[in-house]
Amino acid sequence: VNKNMCIRCNKCVEQCPVLTENKLPIMNESEVYAAWTMDDQVRFDSTSGGLFYELASYILRQNGVVFGARWESDWKSAEHIAVESLDQLPLIMGSKYIQSSASGVYRQVKKYVESGRKVLFCGTPCQNAALYQYLNKNYDNLYYIDFICNSINSPKAFEKYITELEYKYDSNVDLVHLKYKKDGWQSLASYVRFENGAESIEDKETDWWIKGFIEDNLYSRESCYDCHFRSMPRKVVDITIGDFWGISGQNEEDMRKGISAVLINSNKGSCLFDAIRGKLQIQKHDLREVISGNRRMVQNPVRTNKRDKFFNSLKYSFFSSSVKKAIGIEQNDRFQIGMVCLKANNYGNQIVNYALNQYLNDQGFKVIQIPCYKNLQYRTLFRSLTCNDEYVFEGENYESLNQLCDFFVVGGDQLFRDTVVEKSNFNMLLDFVMDYKYKFSYATSFGKEDFKLSSSDEMEKAKYLF
């Protein structure tokens, strides 16, 4: 709230679903089902069993309107929108895992509901509560649908996740599909497609987004650690849907394709569910079965200092490195910056190396020196100003440095001099660094007016310097 512009109308307090949660309606004891659509393609494209698609498509066929979250054009953020046709429905299918913008959406819901059209709103439990408080009135033609919510993740974290993939694959993203089922529902795979045709498919064992989210709740919003809407019976919503994790007695094929948990929380929700029964396979179950595999229905995630470690690291490291550091599997010898340098019998060279290294360390970065062209040792007179030799790369496999460093910088002095480039086997040009890594040079010089290497092929490799 901008306090300078506040007119003290108290509306924000009156409408806040957390501050006024005692005004929210408590729904019926839930009827619980396992269910999935009989349309195999819809089931494959859906997060679990395809229940949202069947509920939404029914409303759309009644000339209704459905609200849900879609990816924005950069595939790094999400927003709530209204869809009015089956052709648009795929836009709002599937998990997003991040907070969606609901700017202006509640006003749209009110407009459509008051026009007499059926409206289905699908969102997080807190978004449903906020909508109810905004409308401040019951509508028979409005259906509230929420999902079993582990927590909502930081848009900043997801943006960094996708940005790292774009660097790695040297292309912008043009499709994101979370909970991709090519290897089955339980794989929790993330599928990302790029404009250059490349594809990334990582599952719960290899995808750092999933590992940081599912295992440690590293990027949950702060409010999710103290959520007021993880309760049974539910508040506000007519139907709750989600993954039926932990379900037993199912065949292998159904466990591969995905099974939805469905909680019917009101008479209105029961009527809507009855309307789509003919599209579904349905089994009656007990609420305890759903909760046993979805503890977040009733239990908040625990905030630990791992979250702080993650976001502090994210300021200067790639997303994947930040997750590794936060959950404690990052090796101690990992560095934010690899500083490519000379080690020469030269006072000026030593001063430049020291100054850059010291500055980067003072800024909080852990730096490893990478002497790509080793001449003589430091002069004895100047040893007191040399960099910390504890962090000096002495190996020959420069490509391995991609696993140790997030950024690379070519230090000062004549590192782009033709003879130095040639004798360093082009390492001074960061030829060994993977394309998606950040690469910089700082006060690097050529040392003379001309630049000439011994072969035309070598000159071709160096041409981007000019």
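FYI, side chains are in, hydrogens and waters are out, and symmetry mates aren't considered; it's all heavy atoms of this structure. Sequential numbering from 1 along the given sequence is applied to the chain's residues.
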Original post:
Tell me, do L356 and Y442 make a side-chain contact under 4.5 Å, heavy atoms counted?
Top reply: yes
Q. Taking atom types as modelled, is there a side-chain donor on E195 or S171 under 3.5 Å from an acceptor on the other?
A. no
May I ask you to check whether W36 and W185 place their ring centers less than 6.0 Å from one another? no
message = So that I know where these two stand, are F213 and Y97 an aromatic pair - ring centroids less than 6.0 Å apart?
response = yes
Are side-chain N/O atoms of D254 and N251 paired as donor and acceptor at under 3.5 Å?
yes
Below 30° counts as parallel, above 60° as perpendicular, anything between as tilted: where do the rings of W209 and Y161 land?
tilted
SB check D308 R303 (cutoff 4.0 Å): yes
By side-chain contact (heavy atoms from CB on, under 4.5 Å), N63 pairs with (sequence neighbours left out) R117
Can you tell whether the side chains of E253 and R256 come within less than 4.0 Å, N to carboxylate O?
yes
Heavy-atom distance under 4.5 Å between the side chains of M339 and I368, does that happen here? no
message = Are more than 12 heavy atoms, taken from residues, nucleotides or ligands other than K96, located less than 6.0 Å from that residue's NZ atom?
response = yes
Residues 444-453 vs side chain to side chain donor-acceptor pair (under 3.5 Å), sequence neighbours excluded, gives D418-K448
For residues Q299 and R230, is any side-chain donor paired with an opposing acceptor at under 3.5 Å?
no
ask   = Can Y106 and Q15 be counted as having a side-chain donor-acceptor contact under 3.5 angstrom?
value = no
Considering residues, nucleotides and ligands other than E222, do more than 12 of their heavy atoms fall under 6.0 Å from its CD? yes
### Query
Does the gap between the ring centers of F318 and W208 come in under 6.0 Å?
no
| said: Would you say that I59 contacts V65 through its side chain, given a criterion of any heavy-atom pair below 4.5 Å between the two side chains? | reply: no
Fill in: K179 (side chain) donor-acceptor with G94 (main chain) under 3.5 angstrom
no
Item checked: pair P155-S77: side-chain heavy atoms closer than 4.5 Å -> no
- [ ] In plain terms, say whether E166 and K76 are close enough for a salt bridge, that is, a side-chain N and a carboxylate O under 4.0 Å apart.
- [x] yes
Could you tell me how the ring of F194 sits relative to the ring of Y169: parallel (under 30°), tilted (30 to 60°) or perpendicular (over 60°)? parallel
Y219 ring center near F319 ring center (under 6.0 Å)
yes
Problem - Under-4.0 Å salt bridge between D146 and R234 - result: yes
Can you confirm whether the side chains of K181 and S187 place a donor and an acceptor under 3.5 Å from each other?
no
Output for pair (S220 OG, R296 CZ), nearest 0.5 Å, gives 8.5 Å
E54 and T37: side chain to side chain donor-acceptor pair (under 3.5 Å), yes or no, with the steps?
CA-CA 7 Å; E54 296 298 354; T37 177; 2.6 Å; yes
| task | Please state whether the rings of F121 and F67 are parallel, tilted or perpendicular, taking 30° and 60° as the class boundaries. | result | tilted
Can you tell me if S320 and E164 form a side-chain donor-acceptor pair at under 3.5 Å?
yes
Practice item. Examine the side chains of N172 and N196 and answer whether a donor and an acceptor come within less than 3.5 Å of each other. Key: no
Check whether N128 reaches the backbone of I145 with its side chain - one donor and one acceptor, N or O, closer than 3.5 Å. yes
If you draw a 6.0 Å radius around NZ in K160, do more than 12 non-hydrogen atoms from other residues or ligands fall strictly inside?
no
